[in-house]
Amino acid sequence: MRQFFLDIVTGQRSRQGLWVLPLLMALAIVAFLTVRTGHMLRPDNLLNLLAQAMPLIITAIGQTFVVLVGGLDLSVGALISFSTAILALGGPAWILIPAVFLLAGLVGLINGVAVARLNVHPIIATLAMQYIIVGVTLVLRPVAGGSVPRVVIESVGGTFLGLPMQVYWGVVVVLVAWKLLHGSRFGLHLFAIGGGVASGAEDAAHNVGVAVKRNVIFAYVASACFAAAAGIFLAGRIVSGDPTVGNGYEIYAITAVAVGGTQLSGGIGSLHGTIIGAMVLALLSNGMTLLNVSPFVQTAIQGGILLLVVAMQTRRKMGL
Amino acid sequence: MAGLIELSDISKSFGGSVALDRVSLELFPGSVHALMGENGAGKSTLMKILAGVHRPDGGAIFKNGREIAFANPREALEAGISTVFQELSLLPNLTIAENLFLGREPLGRFGSVDYRRMNADTKSALTDLGLDLAPDTLVSELSIAERQFVEIAHGIKADASVFILDEPTAALNAADVEILNRHIRRLRDAGKAIVYISHRMDEIFEICDAVTVLKDGRLVGTRPLSEVNPASLIAMMVGRELQDLFPERARTRGEVLLAVKDFRIGTATKPFSLSVHAGEIIGLAGLEGQGQQRLVRSLIGQFQPFGGNVAIKGKQLPLPVTPSSGVRRLRSLGVGYVPEDRKEEGLFLALPIAYNIAIELHAECNELSIARGYREVIADAMARLNIRASGASMIVNALSGGNQQKVLLGRYLAADVDILIVEEPTRGVDVGAKSEIYKLLRDFADRGGAVLVLSRDTVEMIGLCDRLYVVHDNTVVAEMPAATATEHGILDAALSA
Amino acid sequence: MTGMLRSPVVQRLLKVPPSYVVFALLLAILWSARPNMVNFNVMGIFIRQVAPLGILVLGQLLVMRVRSIDLSGGGVILLVNYFIASGTFPGARLPFFIALAIVIGTLVGFFNGWMVAKRRVSAVIVTLAVSIILIGIVQFLAGGSPPGDVPAYFGEIYNTRLGSVPTPVLFWFGMAALMWLFLSRTIFGRFVTAVGENAEAAYFSGVPVERTVILSHTIAGLIAGIAALVQTASISVGSVRVGLDLPIVAVAATILGGVAFGRGDGGVWGPTFGVLSFALLFVVMTVFGLPEPGKQIAQGVIILLAAVLYGVRTAKAN
């Protein structure tokens, strides 16, 4: 019994990683903020918090797919901005929204093909892609502006059956991600591929017939599509297109994934871990703002957290 | 009787070296076919071609008379060819059940993986093998022997007509081998064709019906097992009489150069002592994975010992050794450490011979000093080791396995050490180079050096060494002179401990 | 076809860093479009602009050779720039600032190297996080607005020429030559090659792997400190945004120069020509009237193509 709890707390004997500790961290911050402000647990505040955290949660979930196979996607921040720029082009939503996902899927496809088939290091491939997307976004929309279709704005700010829309967003995103990651062959294969990368048995999954390259490509496509969804959510909140709104999201997403116990070397991690990780970051920023910490210091602290969390993850490989 | 599978004139080369040269093999239903040969003779490559891992450069595979070709292992499996690979190929972060079903998971409703069915099937497969393991245990939690059994379960569970078992028993003890043999007989009686690769003679004679011997990538011959005996089999594998392959043993020995006392390499293992004298070649023998490598690698700090002390040339080695500088520490005491895997741990494949040999000498210098060329030292080493290459600037990857191994040894011989620790001195090396390498090691010992060898090849250990220590369960259980040792005697000593 | 690929001539040609080809191509384009721009004086000005990048690349290529990466240069440049421009050290003279830049760079580099080699933390994450922390600190200290002016002598030194060559360019090439000698002649250069090619084999050859990685990062940090001085001199003002994308462009130039994670085929001059290619690229794009975003897209495409070329090449070699 004692072993059972010890295992859960330390994340041993499980491939879901160390997610209990960040959960306790999140609860501690909630407790602190409740005592400090008194209105922390009020429904409107919680919803507000959820709305603030949602783009990060969505992006980080996408990033989880890529990290699980031992990769990284640094193009997601640029993709978020790009998605808002597309939505603010003007035109009917039924064209713009599919267009966003289609283009994001294309970006993910290029990333994935470069990494899986052309042997390009994930960091280089997605960094180059970041450059290209930032450039294209600046062509489309040099400064923030334009207007986003009403449907998009209402899908984020409105209510449905008495519940605010961000709740539905959360439910849909989590369901889709859960199905992909923990409820399908695809998800299991991602874990298998990542486990092979982390343990040096790269060929093991391929040898039993797992389509390694195709699954890795899908992981990058998934990451890009989730980033696009985060972009749509953000566009609905800021009601315009903004070429810089997604800046830094790639780092926050990686931080959230790492805080949630997912190993950057691949094969160990979970969806709930990532969600918890994203919530920890959102709560931290909420708390720091409340304590009047300068936003610049907040940035520095975010960097410090990332450093701390990855320093605690031990791995064999040295370097990248 | 018609063959179920026919491999016809299969050739395969990797880079510059030929792994298989027009090898043919026929497999019959209801028969266990042994595939034998020294390390690197091409057995595993041939089986990987049959299993769809590699594609042959030449030749064809026929099944029931129809030509077949596999793009990947999955296709081979679908064609009824199931393999237990030599390298452990289980994924540590998946459960036993997930590993067993990876690539062909049963699906439940809405396309999710049917864990209930997977775990139930796995449970029964494990019970069949006499294993009491929960199917949802992560493989990272298993011992090496358990992993090997799971690997076997993976292979023999499949609905296939051909089963390839590539050294399935390397980490197993006698009782476990008997369980495995029972399953092999069951498969044979069900009309399956089985390929069995093993180094252990008694297993071959216990279970196999026919044997095919490979040497240096070529077919030596196929015989019914009733027509051969262990001695004639070894002669077929080695290609010459054994006494010609190995140099003479040491006649005299000097003072102790390496002394290990009351050493413990696990928390609960028994302490042991061993010593290596000047002029001697000492071997660590026993079943595979019983701690031989762990023993020598705790000298360079890759494992932490739990007690005891080590003296090199009378000087105490402070324990535990810092892992990051273990090799350097040993080197400063005059010990060269030749690692097992020359491609992964030994050589810089994309760099010239000269670089590969000189790096050891460079490693002793200060970082900021000028790197000398060591032209003479390198030329001398290449001549002494008889490395066949167009010159010292030749890229190591283009050399044959034997010459690569000689470059690796040359690095440590050029460095002028007194003690050599050699893991797998001749893995993947042709018989000519083997004989040369044995002679090099013996020359080194004759000039007053001490050699500690570990090898999976027991014949090699018996032929090359002066004394053997038998290692079992992370401790030394017996010591014997190599001249009178036999494979059987070593196994007995290991298992009766 | 495969026979042709194996021939030594083709192999040798495939090893030519892409940067030489790109540079020649861009030069030809510029020559045909604006022949009068291709002269010593004009080119000198363009090349001077990329001198900070060129210096930073010397560190980047070193860490990439040992299979690591350094993205913290942006933070170092920003911090050094802030200290020089903000008047935090009243009465400080040039030697003090030089020493300060070197100390900051070396400390950051050592920290990176220690985390990467000893703690085995992903180098991308460490150096990126360090950069974020430094940027956050500078922006906090500066309150988000540019800190002030850089002492005039920085600009004066920056504008000097030796003969007709701008001093910063000369300085950059001098450092490149030094790095080239360092890597090709010393034991350390051998260690770098060994660790990059196969860290396991390096370990078993007695190469101090961790120390080599730490030292590489430390030197890269030191070089970033020097690049920060040159960059500060070139813009002559304090800024809270200067140099932020330099590390990434440096990675791109390094790859374009035929140096990639673990391999150093392009030496020091390949990446240097990578930087020169980027300098020419900006000129060519300005000549053809392409706006800023176009430059970014072009940069991204070039990085991706260079990386794909390299990736396909190494896949073939294996």
Side-chain angles (χ1 to χ4, degrees), chain B residues 14-16 57 297 300-302 322-332 335-352 354-374 390 395-398 408 411-412 415 417 421 423, chain C residues 2 5-6 8 11-12 14-15 62 65-67 113-114 116-120 178 181-216 218-219 260-265 313-318:
Chain B
F14 296 103
D57 297 337
R297 291 213 168 181
I300 53 169
Q302 285 202 347
T322 318
S324 62
S325 59
V327 168
R328 285 172 72 77
R329 166 53 61 93
L330 280 197
R331 179 65 193 81
S332 68
V335 183
Y337 195 104
V338 187
E340 165 184 354
D341 190 330
R342 69 168 168 268
K343 284 182 195 287
E344 297 291 329
E345 303 169 325
L347 295 169
F348 305 96
L349 290 173
L351 299 176
Y355 183 96
N356 273 281
I357 292 180
I359 185 70
E360 231 279 346
L361 297 162
H362 285 138
E364 292 164 42
C365 307
N366 182 292
E367 266 110 333
L368 298 179
S369 55
I370 301 297
R372 282 177 50 203
Y374 293 111
S390 57
I395 301 297
V396 166
N397 204 17
L408 182 59
R411 175 194 295 164
Y412 299 94
V417 292
I421 298 175
E423 302 177 351
Chain C
T2 46
L5 272 175
R6 283 220 189 104
Q11 285 289 316
R12 183 82 37 106
L14 274 175
K15 279 202 171 159
L62 184 61
R65 293 263 322 254
V66 293
R67 290 181 192 269
W114 188 80
V116 171
K118 289 282 181 192
R119 299 288 316 166
R120 305 276 160 118
L178 209 64
L181 280 174
F182 187 53
L183 281 177
S184 61
R185 291 284 177 273
T186 63
I187 295 286
F188 181 71
R190 297 283 179 135
F191 287 179
V192 166
T193 307
V195 173
E197 173 66 27
N198 184 344
E200 281 286 284
Y203 169 75
F204 279 105
S205 310
V207 172
V209 177
E210 292 181 359
R211 199 163 79 205
T212 303
V213 171
I214 294 177
L215 198 55
S216 299
T218 309
I219 294 172
F261 303 115
R263 285 282 171 85
D265 295 336
R313 198 198 291 168
T314 41
K316 275 229 175 66
N318 294 335

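No hydrogens, no waters, no symmetry mates; every other heavy atom, side chains included, goes into these values.
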Engineer: Which atoms of B:Glu360 come close to chain C, meaning under 4.5 Å heavy atom to heavy atom: side chain ones, backbone ones, both, or neither?
Structural biologist: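 It is both, since atoms from each part get that close.
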
Engineer: Measure across C:Ala201 and B:Gly346 and return the closest heavy-atom pair with its distance rounded to 0.1 Å.
Structural biologist: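 For C:Ala201 and B:Gly346, the tightest heavy-atom pair comes out as CB-O, 3.2 Å.
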
Engineer: Does any backbone or side-chain atom of B:Asp341 lie under 4.5 Å from a heavy atom of chain C? Answer side chain, backbone, both or neither.
Structural biologist: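 No part of B:Asp341 comes within 4.5 Å of chain C.
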
Engineer: Examine whether an atom of C:Thr193 lies under 4.5 Å from a heavy atom of chain B, and if so say whether it belongs to the side chain, the backbone or both; otherwise answer neither.
Structural biologist: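 Both backbone and side chain.
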
Engineer: Can you confirm whether more than 12 heavy atoms, excluding those of B:Glu364, are under 6.0 Å from its CD atom?
Structural biologist: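 Yes, CD of B:Glu364 has more than 12 neighbouring heavy atoms, counting only those of other groups under 6.0 Å.
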
Engineer: Which residues pass the salt bridge (Lys or Arg N to Asp or Glu O under 4.0 Å) test with B:Arg329, not counting sequence neighbours?
Structural biologist: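 Partners of B:Arg329 under the salt bridge (Lys or Arg N to Asp or Glu O under 4.0 Å) test: none.
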
Engineer: Apply side-chain contact (heavy atoms from CB on, under 4.5 Å) to the pair B:Ser324 and C:Lys118, showing each step before the final yes or no.
Structural biologist: CA-CA 9 Å; B:Ser324 62; C:Lys118 289 282 181 192; 4.2 Å; yes

Engineer: Determine the option with the most heavy-atom pairs under 4.5 angstrom with chain B, choosing from C:Leu215, C:Val209, C:Ile187, C:Thr212.
Structural biologist: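 The answer is C:Ile187.
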
Engineer: With a 4.5 Å limit on heavy-atom distance, are the side chains of B:Leu349 and C:Asn198 in contact?
Structural biologist: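 They are not in contact (no side-chain heavy atoms under 4.5 Å apart), so the answer is no.
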
Engineer: Looking at B:Gly336, B:Pro323, B:Ser325, which one has more heavy-atom pairs under 4.5 Å with chain C than the rest?
Structural biologist: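 The residue among B:Gly336, B:Pro323, B:Ser325 with the greatest pair count is B:Pro323.
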
Engineer: Would you say C:Pro208 and B:Glu367 make side-chain contact, with heavy atoms under 4.5 Å?
Structural biologist: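 Yes, their side chains come closer than 4.5 Å.
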
Engineer: Which pairs pass salt bridge (Lys or Arg N to Asp or Glu O under 4.0 Å) with one or both residues in residues 189-199 of chain C, sequence neighbours excluded?
Structural biologist: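 Every salt bridge (Lys or Arg N to Asp or Glu O under 4.0 Å) pair that includes a residue of residues 189-199 of chain C, provided the two are not neighbours, is C:Glu197-C:Arg263.
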
Engineer: Please name the pair of heavy atoms, one in C:Gly206 and one in B:Arg328, separated by the smallest distance, quoted to 0.1 Å.
Structural biologist: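 Heavy atoms only, the tightest pair is O-NH1, 2.6 Å.
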
Engineer: Please flag which part of B:Arg411 lies under 4.5 Å from any non-hydrogen atom of chain C: side chain, backbone, both or neither.
Structural biologist: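 Only the side chain of B:Arg411 comes within 4.5 Å of chain C.
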
Engineer: Please report the closest heavy-atom contact between B:Ile300 and C:Phe204, naming both atoms and the distance.
Structural biologist: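 Between these two residues, the closest heavy atoms are CD1-CE2, 3.6 Å.
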
Engineer: Are any of the side-chain heavy atoms of B:His362 and C:Ser205 separated by less than 4.5 Å?
Structural biologist: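 No, too far: nothing below the 4.5 Å cut-off.
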
Engineer: Tell me, side chain or backbone of C:Ala117 under 4.5 Å from chain B's heavy atoms, or both, or neither?
Structural biologist: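 Looking at C:Ala117, nothing touches chain B.
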
Engineer: Select one option (side chain, backbone, both, neither) describing which atoms of B:Leu347 are under 4.5 Å from chain C's heavy atoms.
Structural biologist: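 It is the backbone, since no side chain atom gets that close.
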
